[in-house]
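See structure below.
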Amino acid sequence: MIRITLPDGSVREVKRGASFLEVAEGIGPRLAKAAVCVRFNGELHDLREAALVDGDLAVIGPGGPEALQTLRHTASHVMAQAVKRRFPGVQLGIGPAIEEGFYYDLDLPTPLAEEDLAQIAEEMRGIIAADLPIVRREMTKAEARTLFEGRGETYKLELLADIEDDVVSIFEQGEFVDLCRGPHLRSTGGLRPDAVKLLSVAGAYWRGDEARPMLQRIYGTAWERAKDLEQYLWRLEEAAKRDHRKLGKDLDLFSIHEEGGAGLICWHPKGARLRRTIEEFWYAEHDRQGYDIVATPHIGKSQLWATSGHLDFYRENMYSPMDIDGADYYVKPMNCPYQILIYKTRGHSYRELPIRMAELGTVYRYERSGVLHGLLRVRGFTIDDGHIICRPDQVDAEIRGVYEFSVNMLSAFGFRDFDIYLATRPHAGKAVGEPERWEQATAALRAALDAHGLPYKVDDGGGAFYGPKIDIKVRDTLGRAWQCSTIQFDFNLPERFDMTYIGEDGAEHRPYMVHRALLGSLERFIGCLIEHYGGAFPVWLAPVQAVVIPIADRHNAYAADVAQRLRNAGLRAVVDDTSERMNSKIRAAQLDKIPYMLVVGDREAEAGAVALRLRNGEDAGAVPVKAFIDTANSIVRSKSAENWQA
RNA sequence: GCCAGCGUAGCUCAAUCGGAAGAGCAACUGACUUGUAAUCAGUAGGUUGCCAGUUCGAUUCUGGCCGCUGGCUCCA
């Protein structure tokens, strides 16, 4: 007998080797009927698996993330089965459940087009309708090898070879057999045909390795109810409307030109205005935090990049050198070396430290053409790049300070949900410095994170070549996470550049250095901002805050006067004096997502007022110009997301 | 870079089987002077991404290049 502890703390004795389904039946038939899978000792297990040791058991019913994961995993198998039925010669790769759906990587002789998805989906409906029981079997690796050899599944054989346990599990439904850990539904009929949808096909290297064959990946999504699927598809559509590439065009913020080059951004007046607002805020905050603002060149001699190690460790991201008077100059991929040169222009006392230097430094990095993506992934970008040079005893406090600064900065822009990562030492010769120093530095970063109690994940091997880092990512509307803030510990560059300070003891010491970017790059950050707000920026960020709309031409002079008063008060205001009707001007302003529409006609001109319309469509009535300016300015000062307060 | 798809007017999109490139919006001109999401009329706008090839004839078929989209990989 073994002892099973249930979530309520009660303990049941069950026969060793009883399946989890049997255990669930012992607890209650209704529970067993609804069960999808179980969580046993913290891990998900299939209902058909045997309970062999004492442990904590939670029976998972529908409605939660684990149940969805199980259902999607089964959907992935059903899809693979359908593809195998329709297209002969298919070999299975891997097919997991993912955050909002599932995929299966398949090696099939003919390229799939999106049109093929319909007939695969048709076949899937048949498999679901047939309600094939899903059977879980355990066998030795040797048996499994024979099985998959017989079926010509070479990728499965490769996976099998990497499994350490001697016993593996396979799942079968009808003629379909897969090597799989599970858990799965009890039968294919557990899926709702109207809650499953195939979404796209894409190429994917086998095991993510570009030296290996490229398989075809089919993405799909599956939900418990048709309603959930509809809602998900609706969400995708809404997300597409917020796409910063579309909004960038619609709102006339930026452009990218084929004749200029991929991944290179031209900021139009409104986009540049937005950028400037961000920069002005950024400078003001850095002044408050005790940073010194610097500015450094865009290119530098090979000597500099050799000293920094970039030519050794970062070359694949750097552009070819240009010859200037016989010397090789590189366009800078990072700002740090020049900031270090600034530090080194004179001696420093321990009393001066920490020195906090920052600049909005534009860098250029080679990115493979396939990865470029609007503003989020570009080849030229401006990093809000800072470096803190400090004594070893100051580093913990500095890292904590930067971390707080970073979270506060992102919050000011309305970002609240972050994914935080601790990225550790890169593997396989991609890192400089002794392992002990990496350990020490990683511990310092971990301590800063722990001090805040915010949850974080470890990104094993994700550090920069010169040190470990804390990365903060924000999610865009399509659910993709984009890295903004990064805090990087560096014990390499101070060494390479022989940076020193004079300590209390009169001797030279080596300072520590922390690289940090809070917004990440202005390009990416603005891309995230656009999507976050769907182009309807908070008043303080809006490129145009108010448009004055004269009703007839005779109101143009008054409108111009109002706009000028607004601009004198620091607000960004324009007049729409086109020869359109007022309705048309309002529509244009709505499409531009301008926070305030100030309609002026005879009544307003008479009263020295404006008729205020908000971008949410609300008519806020007549407001004296002075009162409008005061309220709008207080909203700007507070950086409030609120559009108006009466 | 690799796999798949796509590229027609400033924007959004049509064009049958390979047979005279079109619409709406935007722009421009004129009229209208309007009270909370599109006033009316007219004008102009094209090397169909670029370069080759097949063909009597190519937006359409083929090849190369450039760019974009979704992924893989990588990163701010």
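Letters go in sequence order (proteins before strands), and every chain restarts at 1.
- Between A:F413 and A:H532, a ring centre-to-centre spacing not shorter than 6.0 Å is recorded.
- Put simply, the side chain of A:R613 and the base of B:rA37 share a donor and an acceptor less than 3.5 Å apart.
- Regarding A:F102, its CZ atom lies at a distance of 16 Å from the P atom of B:rG71, rounded to whole Å.
- Across all strands shown, A:G208 has heavy atoms under 4.0 Å from sugar-phosphate atoms exclusively, and none from any base.
- A salt bridge links A:R554 with A:D602: at least one charged nitrogen is closer than 4.0 Å to a carboxylate oxygen.
- On the P atoms, B:rG10 is 12 Å away from B:rG49, given to the nearest whole Å.
- Residue A:R365 has its side chain nearest to B:rA76 when only B:rU34, B:rA76, B:rC2 are considered.
- Residue A:L612 is the one, among A:L612 and A:E580, whose nearest nucleotide of RNA chain B lies closer to the 5' end (criterion: closest heavy atom).
- The partner of B:rA44 is absent, by the rule that a Watson-Crick or G-U pair needs both atom distances under 3.5 Å.
- Contacts of A:R217 with the nucleic acid, taken as non-hydrogen atoms under 4.0 Å apart, involve only primed sugar atoms and P, OP1 or OP2.
- The base of B:rC72 is not paired with the side chain of A:R207 by any donor and acceptor separated by under 3.5 Å.
- Under 3.5 Å, the side chains of A:Q289 and A:R356 contain no donor-acceptor pair of N or O atoms.
- In terms of heavy-atom proximity, A:K593 sits nearest to A:L247 at CE-CD2, 4.0 Å.
- Within 4.0 Å (heavy atoms only), A:A204 reaches sugar-phosphate atoms of the nucleic acid but no base atom.
- Between the CG atom of A:L198 and the P atom of B:rA4 there is a distance of 19 Å, given to the nearest Å.
- The separation of B:rC13 from B:rA26, taken at their C1' atoms, amounts to 14 Å, rounded to a whole angstrom.
- Nearest nucleotide to the side chain of A:A202, out of B:rC72, B:rG71, B:rU34: B:rG71.
- Here B:rC2 presents its C1' atom at 18 Å from CH2 of A:W206, a figure rounded to the nearest Å.
- Atoms CG (A:L251) and P (B:rU12) sit 14 Å apart, rounded to a whole Å.
- Checked against B:rA37, B:rG35, B:rA76, the side chain of A:T486 finds its nearest nucleotide in B:rA76.
- For B:rA76, its base sits under 3.5 Å from the side chain of A:E367 at one donor and acceptor pair at least.
- Remark: ring of A:F381 stacked against base of B:rA76; centroid gap under 5.5 Å, plane tilt under 30°.
- With hydrogens and angles ignored, no donor-acceptor pair closer than 3.5 Å exists between the side chain of A:N583 and the base of B:rU36.
- With ring centers used as reference points, A:W305 lies 6.0 Å or more from A:Y314.
- Rounded to an integer number of Å, the gap from A:Y364 OH to B:rA76 P is 18 Å.
- Nearest heavy-atom pair, A:G89 versus A:P109, reported as atom, atom and distance to 0.1 Å: O-CD, 3.4 Å.
- Taking the side chain of A:A611 as heavy atoms from C-beta on, and the options B:rG35, B:rU73, B:rA4, the nearest nucleotide is B:rG35.
- Proximity of A:R379 to A:F381: side-chain heavy atoms (C-beta onward) are nowhere separated by under 4.5 Å.
- Looking at heavy-atom distances under 4.0 Å, A:A262 makes contact with sugar-phosphate atoms alone, never a base.
- Across all strands, A:K249 comes closer than 4.0 Å only to sugar-phosphate atoms, never to a base (heavy-atom distances).
- In this structure, of B:rA37, B:rA76, B:rC68, it is B:rA37 that holds the atom nearest to the side chain of A:R587.
- At the heavy-atom level, A:I383 lies nowhere under 4.0 Å from the strands shown.
- Note: A:F525 and A:F415 meet the aromatic proximity criterion, with ring centroids under 6.0 Å apart.
- Counting non-hydrogen atoms under 4.0 angstrom, A:L522 reaches nothing in the nucleic acid.
- Comparing atom distances between the A:R245 side chain and each of B:rG70, B:rU36, B:rG71 picks out B:rG70 as nearest.
- Below the 3.5 angstrom threshold, one finds a donor paired with an acceptor across the side chain of A:S521 and the base of B:rA76.
- For A:E604 and B:rG35, a side-chain-to-base donor-acceptor distance below 3.5 Å is present, hydrogens and geometry of angles not being considered.
- Nucleotides B:rC65 and B:rG7 have their C1' atoms positioned 14 Å apart, rounded to a whole Å.
- In this structure, A:S369 reaches the bases: a heavy-atom distance under 4.0 Å links it to at least one base atom across the strands shown.
- As the counterpart of B:rA21, no nucleotide is assigned, since no Watson-Crick or G-U wobble pattern has both distances under 3.5 Å.
- Atom C1' of B:rA23 sits at a distance of 15 Å from the matching atom of B:rG46, rounded to the whole Å.
- Contact annotation for A:K469: backbone-only contact, meaning every heavy-atom pair under 4.0 Å involves sugar-phosphate atoms and none involves a base.
- Between A:E210 and A:G601, the one whose closest nucleotide on RNA chain B sits nearer the 5' end is A:G601.
- Residue contacts for A:E258: at a heavy-atom cut-off of 4.0 Å it reaches a base atom on one of the strands shown.
- The CD1 atom of A:I256 sits 18 Å away from the P atom of B:rG10 (whole-angstrom rounding).
- The side chain of A:V599 sits closest to B:rG35 out of B:rG35, B:rU12, B:rC75.
- Taking only side-chain atoms of A:V371, from C-beta outward, the nucleotide of B:rG1, B:rG71, B:rA76 with the closest atom is B:rG1.
- Of the candidate nucleotides B:rC32, B:rG1, B:rG71, B:rG1 has the atom lying nearest to any side-chain atom of A:Y205.
- Which of B:rA37, B:rG70, B:rU34 sits closest to the side chain of A:S200 comes down to B:rG70.
- Rounded to a whole angstrom, the distance from the C1' atom of B:rC17 to that of B:rC25 is 33 Å.
- Separation of the P atoms belonging to B:rA4 and B:rA76 is 31 Å when rounded to the nearest angstrom.
- If you take atom P in B:rC6 and the same atom in B:rA14, they sit 13 Å apart, rounded to whole Å.
- Base pairing analysis places B:rC68 opposite B:rG5; the two distances defining the Watson-Crick or G-U wobble pair are each below 3.5 Å.
- Atoms CG (A:D602) and P (B:rU34) sit 8 Å apart, rounded to a whole Å.
- When atom types are taken as modelled, the side chain of A:S76 and the backbone of A:R72 share no donor-acceptor pair closer than 3.5 angstrom.
- B:rU62 is paired with B:rA52 under the criterion used here, namely a Watson-Crick or G-U wobble arrangement in which both key atom distances are under 3.5 Å.
- In this structure, the CG atom of A:D250 is 14 Å from the P atom of B:rA26, given to the nearest Å.
- Of all nucleotides present, none satisfies the Watson-Crick or G-U wobble test against B:rC74 with each distance under 3.5 Å.
- Base pairing annotation: B:rA15 forms no Watson-Crick or G-U wobble pair, as no partner gives both donor-acceptor distances under 3.5 Å.
- Nucleotide B:rA31 forms a pair with B:rU39, judged by Watson-Crick or G-U wobble geometry with both contacts under 3.5 Å.
- A:Y219 comes within contact range of the sugar-phosphate backbone alone, with a heavy-atom separation under 4.0 Å but no base atom that close.
- Comparing the P positions of B:rG5 and B:rG64 gives an interatomic distance of 13 Å, to the nearest angstrom.
- Closest of all the heavy-atom pairs between A:G374 and A:I265 is O-CD1, 4.0 Å.
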